[in-house]
Amino acid sequence: LLLDIPVTSIGMNSYYCNVNLVYNSKYSNYSFFDRQIGFNNGFKLNIEQHIFSYREEYNIPEFTEEDYVYIDSEYRIHRFTKPLYSTGNMYYDKTNGNLYLYVNSDNTFKMTDDNDNEFYFDTNGRLVRMVSNTNNNIEKKIKYENNVITEYYDNREINKKIDIDYITE
């Protein structure tokens with residue numbers, strides 16, 4: 001069961017930013033041990049996306065310890081693997097083949113899709129910025145505090161943003 005429930009949105013056209021609550025029953029009990037994905041019960045926000053090195057204890061079929069794991073907007077798991085005979089920092093999406101991952105020397109990541117949109121991940125493997133292929137001035141940014149998303153906005157309209165608060169009781 002995959003649910004994608006709209007929570008809120010702002011802007012129109014290229015300024016559009018939306019936040020959805022996503023549930024994927026396939027991963028409701030999946031553990032990445034030291035890494036929190038969403039709310040640890042199969043729910044997460046669509047803008048919460050992760051890239052990290054695969055570890056054997058994750059126990060995902062067909063993955064090896066040379067691979068990277070990508071959790072996309074719909075909580076699907078992708079396998080990034082190095083092309084055969086490659087010595088560079090580029091990996092490709094073995095799951096559907098339309099994504100490319102670049103591992104930077106500072107332990108950050110850049111991912112591109114088949115439309116040449118760019119997705120940037122911080123040293124913790126969290127999505128922090130998305131850049132449009134049609135206009136590189138169109139950037140969507142995600143801010144974190146205490147390891148959770150707190151803001152999402154278009155960099156051209158910084159005053160118009162989605163603030164996210166969490167109740168911890």
Checklist entry - Should the pair Y166 and F39 be assigned to parallel (<30°), tilted (30 to 60°) or perpendicular (>60°) ring geometry? => result tilted
Checklist entry - Given side chains that start at C-beta, do those of I138 and D154 come closer than 4.5 Å, heavy atoms only? => result yes
Checklist entry - Should L3 and V22 be marked as a side chain to side chain contact (heavy atoms under 4.5 Å, CB included) after you check the CA-CA gap, both sets of side-chain angles, and the distance that decides it? => result CA-CA 6 Å; L3 296 174; V22 176; over 6 Å; no
Checklist entry - Heavy atoms, side chains only, cut-off 4.5 Å: are V131 and N117 in contact? => result no
Item to check | Any donor-acceptor N/O pair, E57 side chain to N59 backbone, under 3.5 Å | outcome: no
Next on the checklist: Would you say CG of N115 has more than 12 non-hydrogen atoms from neighbouring residues, nucleotides or ligands within 6.0 angstrom?
Outcome noted: yes
Item to check | Hydrophobic cluster of Y100, others only, ordered by chain and residue number, side-chain cut-off 4.5 Å | outcome: M90, Y92, Y102
Next on the checklist: Could you check whether any side-chain heavy atom of I71 comes within less than 4.5 Å of a side-chain heavy atom of R76, counting everything from C-beta outward?
Outcome noted: no
Next on the checklist: Does the structure place the NZ or CZ of R126 under 6.0 Å from the centre of the six-membered ring of Y144, at an angle of no more than 45° from the ring's axis?
Outcome noted: yes
Checklist entry - How are the rings of F63 and Y54 set relative to one another: parallel (under 30°), tilted (30 to 60°) or perpendicular (over 60°)? => result tilted
Checklist entry - Between D4 and N20, does any side-chain donor sit less than 3.5 Å from a side-chain acceptor? => result yes
Item to check | From OG (S14) to CE (M12), nearest 0.5 Å | outcome: 10.5 Å
Checklist entry - Is I10 reachable from Y16 through a run of hydrophobic residues whose side-chain heavy atoms are each under 4.5 Å from the next? => result no
Item to check | Worked check of side chain to side chain contact (heavy atoms under 4.5 Å, CB included) between Y152 and K141 | outcome: CA-CA 6 Å; Y152 178 44; K141 293 192 175 184; over 6 Å; no
Checklist entry - Would you say K94 has more than 12 foreign heavy atoms packed within less than 6.0 Å of its NZ? => result no
Next on the checklist: Could you check whether R156 makes a cation-pi contact with Y15, meaning its NZ or CZ is under 6.0 Å from the centre of the six-membered ring and within 45° of the ring axis?
Outcome noted: yes
Item to check | Y75/Y23 aromatic ring centres below 6.0 Å | outcome: no
Checklist entry - Can you tell me if T112 and D116 form a side-chain donor-acceptor pair at under 3.5 Å? => result no
Checklist entry - So does E66 pair up with K82, basic N to acidic O under 4.0 Å? => result no
Next on the checklist: Measuring from atom CG of N96 to atom CG of D113, what distance do you get when rounded to the nearest 0.5 angstrom?
Outcome noted: 11.0 Å
Next on the checklist: What verdict does the side chain to side chain contact (heavy atoms under 4.5 Å, CB included) test give for I37 and K44, after you've listed the backbone C-alpha separation in whole Å, the side-chain angles of each residue and the deciding distance to 0.1 Å?
Outcome noted: CA-CA 7 Å; I37 305 295; K44 72 175 212 57; 4.2 Å; yes
Checklist entry - Got a sec, which residues hit salt bridge (Lys or Arg N to Asp or Glu O under 4.0 Å) with D67, two or more places apart in sequence or on another chain? => result R79
Item to check | Under-4.0 Å salt bridge between E145 and K143 | outcome: no
Checklist entry - Do F52 and Y58 have ring centres separated by under 6.0 Å? => result yes
Checklist entry - Are side-chain heavy atoms of Y70 and F121 found at a separation under 4.5 Å? => result yes
Checklist entry - Can any side-chain N or O of E151 pair as donor or acceptor with the backbone N or O of D163 at less than 3.5 Å? => result no
Item to check | Between CG on residue N124 and OG1 on residue T108, distance to nearest 0.5 Å | outcome: 11.5 Å
Next on the checklist: Would you compute the distance between atom CD1 of I162 and atom CG of N18 and round it to the nearest 0.5 angstrom?
Outcome noted: 7.0 Å
Next on the checklist: Using side chain to side chain contact (heavy atoms under 4.5 Å, CB included), reason through H50 and L127 one step at a time and then give a plain yes or no.
Outcome noted: CA-CA 6 Å; H50 297 268; L127 180 64; over 6 Å; no
Checklist entry - Does I47 reach the side chain of I149, with side-chain heavy atoms less than 4.5 Å apart? => result yes
Checklist outcome for this item: Distance col, row C17:SG vs K160:NZ, nearest 0.5 angstrom, shows 11.0 Å
Next on the checklist: Donor-acceptor check, side chain of N104 to backbone of D106, threshold 3.5 angstrom: yes or no?
Outcome noted: no
Checklist entry - Just wondering, more than 12 heavy atoms not from E56 lying within 6.0 Å of its CD? => result no
Item to check | Any Y68 side-chain heavy atom under 4.5 Å of H78 side chain | outcome: no
Checklist entry - Taking side chain as C-beta onward, heavy atoms only, is K110 less than 4.5 Å from E118? => result yes
Next on the checklist: Could you check whether any side-chain N or O of N98 sits under 3.5 Å from a backbone N or O of D114, counting only pairs where one atom can act as donor and the other as acceptor?
Outcome noted: no
Next on the checklist: Taking the side chain as everything from C-beta on, heavy atoms only, tell me whether F119 gets closer than 4.5 Å to L99.
Outcome noted: no
Checklist entry - Any sub-3.5 Å donor-acceptor pair from S25's side-chain atoms to L1's backbone N or O? => result yes
Item to check | Rounded distance (nearest 0.5 Å) linking atom CD1 of I5 with atom CG of L45 | outcome: 11.0 Å
Checklist entry - Given a cutoff of under 4.5 Å between side-chain heavy atoms of I, L, V, M, F, W and Y, with clusters grown through shared members, what are the other residues clustered with I158? => result Y153
